[in-house]
Amino acid sequence: MSVTTRFAPSPTGYLHIGGARTALYSWLYARQQGGRFVLRIEDTDRERSTEESVQAILDGMAWLGLEADEAPVFQTARFDRYKALTQQLLDSGHAYHCYCSKDELETMREEARAAGRKPMYDGRCRDRKEPVPGVEPVVRFRSPDDGETAFDDLIKGRVVFQNKELDDLIIARGDGTPTYNFTVVVDDYEMGISHVIRGDDHVNNTPRQIQILEALGATVPVYAHVPMILGEDGKRLSKRHGAVGVMSYRDEGYLPEALLNYLVRLGWSHGDQEVFTRDEMLAHFRIEQVQKGAGAFNPSKLVWINHQHLQSMDPAQVLKHWQWHLDQAGIDVSQGPDPIAVIESQRERCKTLVEMTDKSRFFYEAPTEYADKAVKKWFKGDAQAVLTDLLEGFKALPEWTGAAAHAVVHGVAERRELGLGKVAQPIRVAVSGDAVSPPIDETLELLGREQTETRIARAIEFLAARDAA
RNA sequence: GCUCCCAUCGUCUAGCGGUCUAGGACGUCGCCCUCUCACGGCGAAAACAGGGGUUCGAGUCCCCUUGGGAGUACCA
C-alpha cells in the first residue's frame, strides 16, 4: 500500500508550534515510507478563514522546510464533490433530511443535560417522509444504534466507542454547505490518504469519520493521534505563553533545524540522543514511539538545542539564515570581515541568531559610544597609556595576523606588569564599544588592521578628552 | 454531567516483571579552566500521584481513587 499523509490546517491564524509538530510527524512518516505528503487547507468556514492565514501557514511550512509533494488542496474548491457524496449517502439511505430548528435542538440538548444524559440528537427526523414546508433541511448521517466502532491508533493503541454514544451528526447545513467531519472524510478518501496523523483533539471525531467512510465504501485509513503541546505552566498553549506562531521563532533567532529538533524530541526520544539533524530524524523517528500524553513546551531547552545546531551546522548554512537577521538589523557585511569567519568565531557564545547579530554588529560598524559599565570598569587607571602602547605596537607590525596582534598585547602586558585582562579589556571596549567579544586575537584579526588602529586611536582621544574635562 | 485520552525528577524523557539503592538531557546550584562573554570538564540537589490486587518478586500487569486534557455546534 502506498503511503500518503496530509497536514490539514484551517487558515484562521498563523502556523502554531503544535500544528508544526503534527506536520513534522506527518512529513517524516511520508518521507520514511517513500510516500507522499500533501497539504490541505480547510477553509470551509468563510467567516474565519483568511488569505493572510493561508500565506502564513505556507510561509511557516516553507521556513521549516516541510515541503509538500503537491499543490495545496483548498476545500472551498471542492464543494461539488461534497455535494455529490452527500447525495450518494442520501440515495443509499445512509443519510436523511432533518427539519428540526436550532431552537428545537437546543431545548433537546438542555433537557438531556438536565437529565444527566449526554446531549445528543434523538433521531426524530430519521423516518420522516414528508418535508416541512418553508424549512431548508440539514442532512444528517444515519449512525448505527448499537455495536461499537474502534480503531487501532498508532500512538494511542486501540480506542473503542460504543455506537450508542454517537448521534446522527449533520453533514450538510441548511444552506447546502458541508460540515467539517464530512469534508475531512471526503477529502481523506478522495486524496487517497493512507495515514491520518493529526492532533489528539480529533480522537472523538474519529469513530464518526470511520462510519461515514464505511458508508461511502472507502477504505479506512490508519490513524495516529499526536498529543497536544502545553504551555510552560502545563496549561493549554495560548497567546499568553508568548510565541506560538512558528515564524516568531525565526524572528527570535532560532534555526528551523533547531525548532524541528526540539519539536521531534518533545514527545519522542531515541536513546540518549538530544541533537538530531534532519537526516537523523528521518533515520530514527518512529511514530509508534511517540508519547501518549501531552508535553509542556520548554523554551530554555529550545535555546540550548538552537545553540547546539548553531555550533555544529555548516557555517554556510548558518549564514543563509543569519543573512535575514543582518538585513533586518540593517547591517551591511560587504565592507567588513567575511561573515562566515564571524560565524565561526561567534557561534559558541551566541545562542540565537539575534544574539549573534547584536554581538557582531561592531565588526561592521564602529561603535558610536562606549557602554557605561565597560567604561567605568576598564577605561580607568592607565588605560589611556596602555592603549597608546598598543597602538604603537600594532603600527609597528609588519603583518597583521591574530598571532602578531596577540604578541603585541602580551608584550604590553609584560612590560607594564599587568594581567592580560587589564590590557585586553580596554582594547575590547575600544573596538567593540563593550566588554564582550571573541578572544582578542580573533577579534582583531577579523576586524583588520585599519579598523583596529582607527578605533583605538579614537578611544585614546575619548580618554584624553574625558580626563582633560 | 456524559464519552474518550493521559499520569516517572521543575521540564522533556529511559524503563517494556527481577540487572532500579530508577538512567540521560534542559534548567538550577557548587567547583575547575579562563583576556571578556562563552565553550568545556567535574560534582550536587531533584521523580515512579494514592490505594488495592496479580506475582516468589511491580516504576513495569489489572482495578479503583485522585489529578490533568480533549470532545460534547447547522466551528474546524
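In what follows, chains carry the letters A, B, and so on, assigned in the order in which the sequence lines appear, proteins first and then strands, with residues in each chain numbered from 1.
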S.K.: Using a heavy-atom cut-off of under 4.0 Å over every strand shown, decide if A:Tyr262 touches base, sugar-phosphate, or nothing.
M.R.: nothing

S.K.: Testing the 3.5 Å rule here: is there a donor-acceptor pair between the side chains of A:Asp175 and A:Thr177?
M.R.: yes

S.K.: Between A:Gln308 and A:Pro9, which has a closest nucleotide on RNA chain B that is more 5'?
M.R.: A:Gln308

S.K.: When we call it a touch if two heavy atoms are under 4.0 Å apart, what does A:Ser49 touch: a base, just sugar-phosphate, or nothing?
M.R.: nothing

S.K.: Categorize A:Ala435 for me: base, sugar-phosphate, or nothing, with a 4.0 angstrom heavy-atom threshold over every strand shown.
M.R.: base

S.K.: Between B:G30 and B:G69, how far apart are the two P atoms, rounded to whole Å?
M.R.: 35 Å

S.K.: Is the phosphate of B:G69, meaning OP1 or OP2, less than 4.0 Å from a side-chain N or O of A:Lys292?
M.R.: no

S.K.: Taking for each residue the nucleotide of RNA chain B with the nearest heavy atom, is it A:Leu230 or A:His202 whose nucleotide lies nearer the 5' end?
M.R.: A:Leu230

S.K.: Got a sec: does the CG of A:Asp314 have more than 12 other heavy atoms crowding it under 6.0 Å?
M.R.: yes

S.K.: Could you check which nucleotide pairs with B:A38 in any of the strands shown, counting Watson-Crick or G-U wobble with both distances under 3.5 Å?
M.R.: none

S.K.: State whether a side-chain donor-acceptor pair under 3.5 Å links A:Gln75 with A:Arg78.
M.R.: no

S.K.: Under 4.0 Å from OP1 or OP2 of B:A25: is there any side-chain N or O of A:Arg265 that close?
M.R.: no

S.K.: Is the shortest side-chain N/O distance from A:Arg109 to OP1 or OP2 of B:U72 below 4.0 Å?
M.R.: no

S.K.: Would you kindly give the CD-to-P distance between A:Gln291 and B:A14, to the nearest whole Å?
M.R.: 5 Å

S.K.: Any strand is fair game: report the nucleotide pairing with B:A58 by Watson-Crick or G-U wobble, both distances under 3.5 Å, or none.
M.R.: none

S.K.: Remember a base hit wins even if backbone is also touched, and classify A:Gly267 as base, sugar-phosphate or nothing at under 4.0 Å, heavy atoms.
M.R.: sugar-phosphate

S.K.: What's A:Met228 touching, base or sugar-phosphate or nothing? Going by heavy atoms closer than 4.0 Å.
M.R.: sugar-phosphate

S.K.: Strictly by Watson-Crick or wobble contacts shorter than 3.5 Å, is anything paired with B:G71, and which nucleotide is it?
M.R.: B:C2

S.K.: Find the partner of B:G27: check Watson-Crick (N1-N3 plus N6-O4 or O6-N4) and G-U wobble (N1-O2, O6-N3) distances, both under 3.5 Å, and reply none if neither fits.
M.R.: none

S.K.: To the side chain of A:Asn205, which of B:C2, B:A76, B:C4 is closest?
M.R.: B:A76

S.K.: Looking across every strand, which nucleic acid part, if any, lies under 4.0 Å from A:His410 by heavy atom: base, sugar-phosphate, or nothing?
M.R.: nothing

S.K.: Looking at every strand, decide which applies to A:Asn298 at a 4.0 Å heavy-atom threshold: base, sugar-phosphate, or nothing.
M.R.: base

S.K.: Just checking A:Ile440: base, sugar-phosphate only, or nothing, at a heavy-atom cut-off of under 4.0 Å?
M.R.: base

S.K.: Tell me what A:Pro438 touches on the nucleic acid: a base, only sugar-phosphate, or nothing, going by heavy atoms under 4.0 Å.
M.R.: base

S.K.: The side chain of A:Val159 lies closest to which of these nucleotides: B:C5, B:A14, B:A76?
M.R.: B:C5

S.K.: Among the candidates B:U3, B:U13, B:C37, find the nucleotide nearest to the side-chain atoms of A:Ser269.
M.R.: B:U13

S.K.: So does A:Thr179 get a side-chain nitrogen or oxygen closer than 4.0 Å to the phosphate oxygens (OP1/OP2) of B:C74?
M.R.: no

S.K.: Tell me whether the OP1 or OP2 atom of B:A76 has a side-chain N or O from A:Thr44 closer than 4.0 Å.
M.R.: yes

